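Heads up: the structure comes next, in structure tokens.
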Amino acid sequence: MTKPLSELLRTASERSLPVVRAIPDERLADPTPCGEYDVRALLGHLYQVVVNFQMLAAKKDVDFSAEAEDVCGRADWRDSFAVETAALVDAWAAPGAEEGTAGAMGLPAAVVGRMVLGDLVIHAWDLARATGQEYAPDSAVVDDVLVVFRELAPTGRTMGAFGPEHPLPDTGAGASPWERLLALTGRDPAWTRPE
């Protein structure tokens, strides 16, 4: 964790938003590597995460049990993503956002901020793979998230946020940090859209 979280979030959003903007409406029902979500549902989930983590940056309580909005029902859903993601970056850039604890679990705010950073890059990959787009996250973002997610993985699996770790060939010795991060969260880095 060498760079400020807001800087990492800005970098991640700059690479993730083009993926969201390029999703054609006719692909919203397509499957994603995030098994329980199709593209539409994953966009709704990610939108909910982006909005809720703005409140967590301000040390406010959020309700993750609430059903995610079908954000794609809005005519301007792509623009809404851009607006809310910019607000997320600003929220975590506010003085004190990374200090103290945040959320009902009482986790350090800096860790909570890395959770949304991880969601932003991993779900951007999910959406890119599902809709036939290229996506390459920033290496500094990946390195930062990988450190935190290694610690969070056992609890994340218990809570259903992460799937079982995906096995990598040869125990992952030749895998990139990005491939290791995807596998850690239960994803197959080689996932391709079913034909």
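Since the structure is predicted, the reported quantities are computational estimates derived from the model, not experimental observations. Any value given below was found using the heavy atoms of this structure, including those in side chains, with hydrogens, waters and symmetry copies removed.
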Give, for atom [atom1] of [X] and atom [atom2] of [Y], the distance between the pair rounded to the nearest 0.5 Å.
X: Met55; Y: Asp63; atom1: CE; atom2: CG; answer: 9.0 Å
X: Asp144; Y: Glu7; atom1: CG; atom2: CD; answer: 10.5 Å
X: Leu17; Y: Phe81; atom1: CG; atom2: CZ; answer: 8.5 Å
X: Asp126; Y: His45; atom1: CG; atom2: NE2; answer: 9.0 Å
X: Thr32; Y: Leu42; atom1: OG1; atom2: CG; answer: 5.0 Å
X: Leu46; Y: Ser16; atom1: CG; atom2: OG; answer: 8.0 Å

Please check if the side chain of Arg15 supplies one atom and the backbone of Tyr135 the other of a donor-acceptor pair under 3.5 Å. no
Evaluate the ring planes of Phe149 and Phe162, with Trp represented by its six-membered ring, and classify them as parallel (under 30°), tilted (30 to 60°) or perpendicular (over 60°). tilted
Might you work through the salt bridge (Lys or Arg N to Asp or Glu O under 4.0 Å) test for Arg114 and Glu98, ending with a clear yes or no? CA-CA 10 Å; Arg114 265 65 188 188; Glu98 289 191 67; 2.8 Å; yes
Side-chain H-bond candidate by donor/acceptor type, Gln48 with Glu69, under 3.5 Å: no
If you count every heavy atom of other residues, nucleotides or ligands that lies below 6.0 Å from Glu26 atom CD, does the total exceed 12? yes
Output, in order, the C-alpha distance, side-chain angles, deciding distance and verdict of side chain to side chain donor-acceptor pair (under 3.5 Å) for Arg129 and Thr192. CA-CA 6 Å; Arg129 280 296 169 105; Thr192 56; over 6 Å; no
Would you mind reporting whether [Y] and [X] have side-chain heavy atoms less than 4.5 Å apart?
X: Pro177; Y: Val142; value: yes
X: His123; Y: Leu43; value: no
X: Arg150; Y: Leu146; value: yes
X: Trp178; Y: Pro137; value: yes

So Asp79 and Arg74, salt bridge (Lys or Arg N to Asp or Glu O under 4.0 Å) or not? Walk me through it. CA-CA 10 Å; Asp79 292 336; Arg74 299 180 185 185; over 6 Å; no
